[in-house]
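Treat the numbers as computed from the prediction; the structure is a model and nothing was measured. All values below come from the heavy atoms of this structure, side chains included, with hydrogens, waters and symmetry mates left out.
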Amino acid sequence: MKTIATVSHIYRVAILTSLVGMAVLSSRAAVPNDYPSKNFTSPVSGLPPKSSVLAQESVRKAKNFDQFAAAIHQVETSGNQGRLYGDGGRSYGPLQISYATWKDATRFAPSIGGRYSECKDLAYSKKIMLAYLEAHDPVALHNGNWEVCARLWNSGPGWKHKKRLTNSYWADVKGCLMAKVG
């Protein structure tokens with residue numbers, strides 16, 4: 001009796017695996033090979049749902065760092081500039097740069113120079129952001145993976161260990177990126 005149940009179970013698993021395999025193959029036929037599928041995946045096919053596909057494509061169209069920085073600027077300070085303090089006084093300027101972030105970026109790219117107080121200037125803040133992202137995830141930066149860049153900017157190099165804490169921030173940045181593109 002147990003042998004029949006085991007064989008029956010194996011048979012059901014084999015059929016289910018075949019069906020899932022066919023679904024994956026038929027789904028992939030409709031999706032281009034260069035399609036970005038790392039971030040939003042269906043638990044069945046391993047491919048992004050159609051609505052996520054369109055959203056991710058819109059975000060990817062924001063291909064340059066300036067558009068990304070503009071989205072961060074909007075999320076952090078609603079596009080305001082000057083001597084802006086946030087995080088209980090721990091962050092400063094239009095991109096809300098902490099002293100530790102500034103120090104890290106200027107250590108990585110000493111040619112930036114300047115003082116922390118210069119983070120009130122958007123152009124200077126963008127240099128700091130660029131150096132910081134370059135120091136901690138150059139691949140994401142150069143590939144235009146704005147999700148990784150936003151999460152890194154929001155929570156630091158250890159963001160992957162606390163990804164859920166950056167979900168809301170990424171959603172806000174993505175919304176700004178899509179608004180700029182659309």
Side-chain angles (χ1 to χ4, degrees), residues 34-41 48 52-182:
D34 63 345
Y35 184 76
S37 62
K38 290 182 181 176
N39 298 324
F40 304 97
T41 58
S52 293
V53 169
L54 297 175
Q56 191 64 17
E57 276 303 309
S58 294
V59 171
R60 290 240 181 242
K61 286 180 185 175
K63 290 190 180 188
N64 67 47
F65 174 75
D66 287 330
Q67 289 177 340
F68 171 71
I72 297 292
H73 184 198
Q74 187 63 39
V75 169
E76 291 288 358
T77 59
S78 300
N80 293 315
Q81 294 191 41
R83 295 179 183 186
L84 306 166
Y85 293 91
D87 298 323
R90 293 186 313 267
S91 297
Y92 180 64
L95 300 180
Q96 293 294 283
I97 298 171
S98 70
Y99 182 79
T101 298
W102 174 81
K103 193 75 172 157
D104 199 12
T106 56
R107 197 174 315 132
F108 176 77
S111 62
I112 294 173
R115 296 179 178 206
Y116 179 60
S117 61
E118 292 178 56
C119 289
K120 70 178 182 238
D121 178 62
L122 181 59
Y124 183 80
S125 291
K126 285 170 62 175
K127 289 179 188 177
I128 295 298
M129 177 190 274
L130 185 62
Y132 185 82
L133 296 174
E134 182 75 37
H136 293 287
D137 203 331
V139 173
L141 178 64
H142 293 288
N143 288 338
N145 188 336
W146 305 126
E147 176 179 0
V148 169
C149 291
R151 290 177 189 272
L152 171 60
W153 185 250
N154 178 243
S155 204
W159 71 268
K160 291 177 185 173
H161 302 293
K162 48 189 173 181
K163 185 176 179 180
R164 67 177 178 77
L165 299 176
T166 63
N167 287 341
S168 176
Y169 187 80
W170 167 239
D172 291 343
V173 172
K174 181 169 67 170
C176 288
L177 286 170
M178 290 175 65
K180 298 235 184 266
V181 173

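Among pairs with a residue in residues 98-113, those fulfilling side-chain hydrogen bond (donor to acceptor under 3.5 Å, both in side chains) read Ser98-Thr101, Trp102-Tyr124, Asp104-His136, at least two apart in sequence or across chains. Sorted by first and then second residue, the pairs that involve residues 65-94 and meet salt bridge (Lys or Arg N to Asp or Glu O under 4.0 Å), not counting sequence neighbours, are Asp66-Lys126.
Of all non-hydrogen atoms in Phe68 and Met129, the two that sit nearest each other are CE2-SD, 4.0 Å. Minimum heavy-atom separation, Cys149 to Leu133: O-CD2, 3.6 Å. The heavy-atom pair separating Phe65 from Leu141 by the smallest distance is CD1-CD1, 4.1 Å. The minimum heavy-atom distance linking Ala150 with Trp170 is given by the pair CB-CE3, 3.7 Å. Counting all heavy atoms, side chain and backbone alike, Ser125 lies closest to Pro94 at OG-CD, 4.0 Å. Across every non-hydrogen atom of Ala105 and Ile128, the tightest pair is CB-O, 3.5 Å.
Qualifying side chain to side chain donor-acceptor pair (under 3.5 Å) partners for Thr166, counting only residues two or more places apart in sequence or in other chains: Arg151. Remark: Ala135 engages Phe108 in a side chain to side chain contact (heavy atoms under 4.5 Å, CB included) (not counting sequence neighbours). In this structure Arg164 satisfies the side chain to side chain contact (heavy atoms under 4.5 Å, CB included) test together with Asn167, sequence neighbours excluded. Taking the side chain to side chain donor-acceptor pair (under 3.5 Å) definition, one finds that Glu134 meets it with His142, sequence neighbours left out.
Interatomic distance, Asn145 CG to Leu152 CG, rounded to the nearest 0.5 Å: 10.5 Å.
Within the 3.5 Å criterion, the main-chain N or O of Asn154 finds no donor-acceptor partner in the side chain of Gln96. Using modelled atom types, one side-chain atom of Asn80 and one backbone atom of Thr77 make a donor-acceptor pair closer than 3.5 Å.
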Q | Stepwise side-chain contact (heavy atoms from CB on, under 4.5 Å) test for Leu95 and His73 | A | CA-CA 5 Å; Leu95 300 180; His73 184 198; 3.7 Å; yes
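With Trp153 as the partner, the side chain to side chain contact (heavy atoms under 4.5 Å, CB included) test is satisfied by one option alone out of Trp146, Tyr132, Trp159: Tyr132.
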